[in-house]
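Take a look at the structure below.
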Amino acid sequence: MPGFRRTALAGLAATMLLAVGGTPAAGDRPAYRDPALPVPDRVDDLMARMSLDDKLGQMVQIERKAADPQAVADHRIGSVLSGGGSAPEPNTAEAWADMYDDYQRAALATPLGIPVIYGVDAVHGHNNVHGATIFPHNIGLGAAGNPELVRKIGAATAKEVAATGIDWTFAPCVCVARDERWGRTYEAFGEKPENASAMTTAVTGIQGEKLGADPTSILATAKHYVGDGGTTGGDDQGNTEISEEELRATHLPPFREAIARGVGSVMISYSSWNGEKLHASRYLVNDVLKGELGFSGLVVSDYDAIDKIDGQEDFTPDEVRAAVNAGIDMIMMSDRHGKFLDYLRAEVESGRVPMERIDDANRRILTKKFELGLFERPFAQRDLLPGVGSAEHRELARQAVRESQVLLRNDGVLPLAKDGGKIFVAGKNADDIGNQSGGWTISWQGSSGDITEGTTILEGIRATAAGSEVTYDRHGNGIDGSYRAAIAVVGETPYAEYEGDRPDGLELDEEDRATIAKLRESGVPVVVVTVSGRPLDIAGEVDGWNALLAAWLPGSEGQGVADVLFGDHNPSGKLPATWMRSFDQLPINDGDGQEPLFPYGFGLSYRSGPAASESHTNEKDWPRQDTHGLGTA
Ligand code: GLC
């Protein structure tokens, strides 16, 4: 194996260290294998036994497609990830558990038997896995404004992830989305730091009150540090050109809150701050995150992010050194782990990367592995497999969908009666579970179509209005005046990251506009439901709609949208992002002096009697501020 020197000398050195450095074994078991010992002692003992190559390998997180279990073991690689959609074949929970266990068995067969830690983006459920529960994306949860609900979603997600063996989710994103042109707006809980800060209850849900105390506890990640949602023009991976005062006031608070909740890892942002790449910022990573904020967990890079420090493809020794010396402990990479290890070894042997930095990174990584219980419980928790996509989790997801709906306009047509007469449903997003789930679902970008199990919005409408005749035509063909109402479910199709950047506009597409026009020509009251990752540019059309419901990206349980349309849930959601009056206003945020179409915090509800709806924009309890650390709203 190129550059990887595993020699008898290393084995001899380990033995000598055992004599002088390692803690005496209790019986024939080395101290680091004794769960009764304090974690710091176990870390000390293990590190005293590790060679330089053992330590360097722990700092690599490799994509599964680039290294099979034996390669991971041979290079002593400490972590594996599945990038978005990187699934075993078949893509079943059982096959994930088998894949995970294969990596773990190979790792445990190495001399020191250090288990791998495996990470995925379970950002709205265990969303890579077919049949898993898909929860609303964060912008919808921000609209719901319920931290306790978010904690429960984190816990349910962790159970489904742990069932497949996976130990680590790269969630929650605690970004603060300041410009809706950004393709990751839906991954944010809202436009203000308090939206994300309130929802760091996700950390408590994912990890539990104490990391590893429960078998379903997995490692959470606060991401992306720091300022990813504040780039100029909403340019994903772009440049956040703001003062340090604004960076600290707007983008830092959710990380403080996540750290206070014990988040075990932080992921660094691809973006730059005033021209300096975050991945090379010793000030923001080492001095502020680790020093000032006291973060003691592990800092992981973003995917192949060190390649981009110098703006050129591939990574160089300088970039490896810059990232590690900035304070990044684990480098996430698609491939080229051998080259990385060679570069890092040379940097250490030359003294350009101090051994203390390598030891600090290893201490942080190994501490999380011990705390998670990976040495004692290294394999998938297969008894949890029945919980993947369970009715209980789907009911929780449905409740989250209900609470995330924001009613923006209603002339009294809503709530619809469940019985009598005919209802017409149209729109490309009415009967498409892929579209209603959005990006990061089964594949990285997500996709239209019947991509996983669940209930479409149309299926929910049909189930609720069982006493009515419900007709569906995607384009509205067949509508006439005999229908009592028409529902147009429109909006965006799936995207993720920079693929979702919209520097040129956020209007409804031509198909949606034609569909709505056809419905309106019939004279039937039209209810528009937007399925989107962000506010859209609709000011020019909204006056012709009888009602408007923002559904965001509800995920697998479309029934929750029908629950609101037919009044089984009184809409309670409120805008976590200011809704533009014009695209030209962007960025538009609460308090910036611009006149929006709908303000931050706006949301209507149903009221009995003639005033069908009234705004409760300024309700004091939204978003509900969780009492820090208690995990209850
Ligand atoms: C992506 C994203 C990050 C994700 C990581 C692993 O590029 O920026 O949010 O966790 O890579 O998939």
Side-chain angles (χ1 to χ4, degrees), residues 60-67 79-87 96 117-129 137-139 157 161 166-177 182-189 196 202-203 206 218-231 234-238 240 251 254-255 258 263-272 277-279 297-309 313 315 323 328-335 337 438-446 494-501 533:
V60 172
Q61 180 177 65
I62 191 69
E63 216 291 332
R64 59 176 276 276
K65 291 194 285 285
S79 183
V80 182
L81 86 140
S82 280
S86 179
W96 277 81
I117 182 168
Y118 198 121
V120 294
D121 296 277
V123 295
H124 64 141
H126 199 358
N127 39 253
N128 290 312
V129 180
H137 269 297
N138 287 350
I139 192 167
T157 299
V161 172
I166 308 297
D167 319 292
W168 184 5
T169 177
F170 308 127
C173 183
V174 292
C175 47
V176 180
W182 187 36
R184 307 194 75 164
T185 295
Y186 68 79
E187 296 186 62
F189 290 102
V203 172
I206 292 164
I218 64 172
L219 188 67
T221 309
K223 74 181 187 181
H224 312 79
Y225 183 85
V226 64
D228 52 345
T231 60
D235 174 23
D236 187 42
Q237 306 186 12
T240 302
H251 299 281
F255 287 93
V263 71
S265 70
V266 168
M267 185 183 293
I268 304 303
S269 175
Y270 284 116
S271 57
S272 302
K277 286 283 186 183
L278 262 295
H279 277 79
L298 77 89
V299 177
V300 64
S301 80
D302 205 332
Y303 190 80
D304 284 345
I306 68 168
D307 298 30
K308 306 181 181 194
I309 291 174
E313 287 306 310
F315 56 77
I328 297 176
D329 304 308
M330 185 181 281
I331 307 297
M332 182 191 293
M333 60 190 77
S334 55
D335 53 19
H337 45 281
W440 296 105
T441 312
I442 307 303
S443 66
W444 172 47
Q445 289 293 314
Y495 53 81
E497 301 191 54
Y498 47 83
E499 300 286 356
D501 282 2

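Remember, it's 1-based here, ligands and their atoms both numbered in the order they're listed.
Between I331 and F315 there is no side-chain heavy-atom pair separated by less than 4.5 Å. Looking only at side-chain heavy atoms (C-beta outward), Y303 and E497 stay at 4.5 Å or farther from each other.
In this structure a side-chain-to-backbone donor-acceptor pair under 3.5 Å is present from D501 to G183. Proximity of a side-chain donor or acceptor of D302 to a complementary backbone N or O of Y270 within less than 3.5 Å is not detected. A donor-acceptor contact shorter than 3.5 Å links the side chain of H137 to the backbone of G439.
A donor-acceptor contact under 3.5 angstrom links the side chains of E187 and W440, judged on distance only.
Every atom of ligand 1 is numbered from 1 in the order shown, and the set under 4.0 Å from a heavy atom of F170 is 10 (O). Interface atoms of ligand 1 facing M267, defined by a heavy-atom separation under 4.0 Å, are 3 (C), 10 (O). Listed by atom number, the atoms of ligand 1 under 4.0 Å from K223 heavy atoms are 3 (C), 4 (C), 9 (O), 10 (O). Each of the following atoms of ligand 1 lies closer than 4.0 Å to a heavy atom of M332: 6 (C).
Shown here are the side chain to side chain contact (heavy atoms under 4.5 Å, CB included) partners of D228, two or more places apart in sequence or in another chain: C173, C175, W182, H224, S269, S271.
Counting only heavy atoms of the protein, atom 10 (O) of ligand 1 lies nearest to D121 OD1, 2.5 Å. Counting only heavy atoms of the protein, atom 1 (C) of ligand 1 lies nearest to E497 OE2, 3.2 Å.
Distances from atom 8 (O) of ligand 1 to the heavy atoms of D304, L81, V120, D302 show the closest one on D302.
Only side-chain heavy atoms of R184 come within less than 4.0 Å of ligand 1; its backbone N, CA, C and O stay farther off. The side chain of Y270, and not its backbone, has at least one atom closer than 4.0 Å to an atom of ligand 1 (non-hydrogen atoms only; side chain from C-beta on).
Remark: ligand 1 and H224 share an N or O pair separated by less than 3.5 Å (distance only, no angle test).
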